[in-house]
Amino acid sequence: MKCDYCDNKATVFLTQLAEGQMKKVCLCESCAKERGVTDPTGFSMAEMLLGNFQKTVSGAVEPQGSVKFMGSGKICPECGFSMEDLQKVRRFGCANCYKVFANELAPMLRGMHKGTTHLGKVPVGLIETHYRQLRIEELQQKLEQAISSESYEDAAGIRDEIRKLDETEVAE
Amino acid sequence: MMRFSTLLKHPADWMIGSDEAHSAVITSRIRLARNLRGHPFPGWAKKGERAAILDIIRPAVEDLAPMKDGFSRELSELSSLQKQVLVERHLISREHAARTDGSGAVIERRQSLSIMLNEEDHLRMQSIRPGLQLTEAYEALNDLDSELEQKLDYAFDPHWGYLTTCPTNLGTGMRASAMLHLPALVLSDQIGQVLQAVNKIGLAVRGLYGEGTESLGNLYQISNQSTLGESEEAIIRRLERVISQVASHEQNAREKLMEDDPDMVADKIGRAYGVLRHAFLIDSKEALNYLSLLRLGGNLGFFAKETVNLCDSLLMDIQQAHLQLHAGMKLSPEHRDSIRAEILRSRLQSLDSPYNFSSGHKADRPDSGDQPD
Ligand SMILES: [Zn+2]
Ligand SMILES: [Zn+2]
């Protein structure tokens, strides 16, 4: 049997069930390696299982339903990772990239996970900052609502609360 | 410093435990991905940066209580055969084995905890347990992680959680999985249905080896896909519930097979026993399939219970790199098949022939000596 991605003999066979459909993927050793699917519990399995890879006419592998990012040229000041790099590898260059490419991240995450907010473990040293940050996010949403419904008095109150929280953060 | 040969001298802890209630579950495994703030992720870091990161994380990891007398190496210090053996033992990933400079592996003496340094993420830690023990595996790894977070500055965001190289691992950075042995569901043709149901609730399933829904050795892996938007406990709870359901489906299927067609079951197990005990050339496909039946025989009472653990360690020991390590040289495929058969014959030498359920006593064995029961 031939590899789904090139003409080599397939040696790695996967069955993935995506959206209730049984899909068979046959890969040669090198294509499997390239896609990181040789390790049964490899993290990158998720990508395969989510069906993110599809064979194109040219035989090159492109992320399926790939989100085309608007406005290129953005670069992470901490690590030099660019929007083009993100488009290519679908991974990030450093932790700070998550801030720089926050807008691009949202469509990438669509359908990938149960939710879009972390509900798990928080490092002990960051617990306070963590909850303050979440509270600020929550207040900012309320603030927008207050403004759009023209309840300016409420808005002023919320703004004060946010400012106070911001100040404690700076004071630390 | 712990030697490679010392690490491999003893079977891993998870190979000798067992879980009577969930005999279909071979192992439970948790993996966590963690990264440092202020350093590029391994795939994007330049050679010098990777080395600098390794200099930060390696001492911190080696200093963890369970790792103090463990095995620790930079991957460049290991031969490709040694790395391959670690892959076959599930201690490092295949991707990690391809790395050299600036990457490392730290492994606990009992092999139940292992940490890959500069894999796709700065840290990929793993905890593995026999049977269905996801919670226990998580607790052990969580302790390790909590100890590490005091020494290392983790990349964490209040909204996104633990920041990982690939967004598929974002949030908890956790992959929980179990390896299941499901021969009766395969024999009774129910496997497709069961796996489809598991997938429908958002869990990933795959055959460990092989093609299609039929998997060599009837080994399957179930794991979580989603890492964001749920707590670790919620993910594990859901997975445990589903896995124990699948395990009890398997149990029911075994009982039904024994009721409906005991001769067919006995015949399959008896043939597997015959081939494994007496073959002189056996390829890995054939060996996997017969070991699967032998393991089933151990669960069903055809053999002593310890047979199950014996099969689990043999599954590991008949793989390519393990064979080459055993032989001490590079092997041609034919030579591999002969060494594989030799190992199987010698390890199964003292295994009594299958219990004969239809006549109610052990089948006559011309070669049975004074083997203890
Ligand atoms: Zn290929
Ligand atoms: Zn960056």
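Just so it is clear: chains get the letters A, B, ... in the order the sequence lines come, proteins before strands, and each one is counted from 1. Keep in mind the model is a prediction, meaning the values are calculated, not measured.
In B:Glu233, the CD atom is crowded: over 12 heavy atoms of neighbouring residues, nucleotides or ligands sit closer than 6.0 Å. Applying the 6.0 Å contact sphere to NZ of B:Lys151 captures more than 12 heavy atoms from other residues, nucleotides or ligands. No more than 12 heavy-atom neighbours from other residues, nucleotides or ligands sit within 6.0 angstrom of CD on B:Gln193.
Annotation: side chain of A:Leu109 is in contact with side chain of B:Pro167 (closest heavy-atom distance under 4.5 Å). B:Leu228 has its side chain out of reach of A:Lys114: every pair of non-hydrogen atoms, C-beta onward, lies at least 4.5 Å apart. Using a 4.5 Å heavy-atom threshold, the side chains of A:Phe92 and B:Asn35 count as separate. Counting heavy atoms from C-beta outward, B:Trp44 and A:Val89 have side chains that stay 4.5 Å or more apart. Looking at A:Lys121 and B:Thr172, their side chains never come closer than 4.5 Å, going by heavy atoms from C-beta outward.
Heavy-atom pairs under 4.5 Å with chain A were tallied for B:Ala155, B:Pro40, B:Gly38; the largest tally goes to B:Pro40.
Contacts of B:Ile235 with chain A are absent, with no heavy-atom separation under 4.5 Å from either backbone or side chain. Within the 4.5 angstrom heavy-atom criterion, atoms from both the backbone and the side chain of B:Glu230 approach chain A.
Taking NE2 of A:His118 as the start and OG1 of B:Thr227 as the end, the distance is 9.5 Å to the nearest 0.5 Å. To the nearest 0.5 angstrom, A:His113 atom NE2 is 7.0 Å from B:Asn169 atom CG.
Here the closest heavy-atom approach between residue A:Val122 and residue B:Tyr162 is recorded as C-OH, 4.1 Å. The heavy-atom pair separating B:Cys166 from A:Arg90 by the smallest distance is SG-O, 4.3 Å.
Using a distance-only test at 3.5 Å, with no hydrogens or angles considered, a donor-acceptor pair links the side chain of B:His159 to the main chain of A:Thr116.
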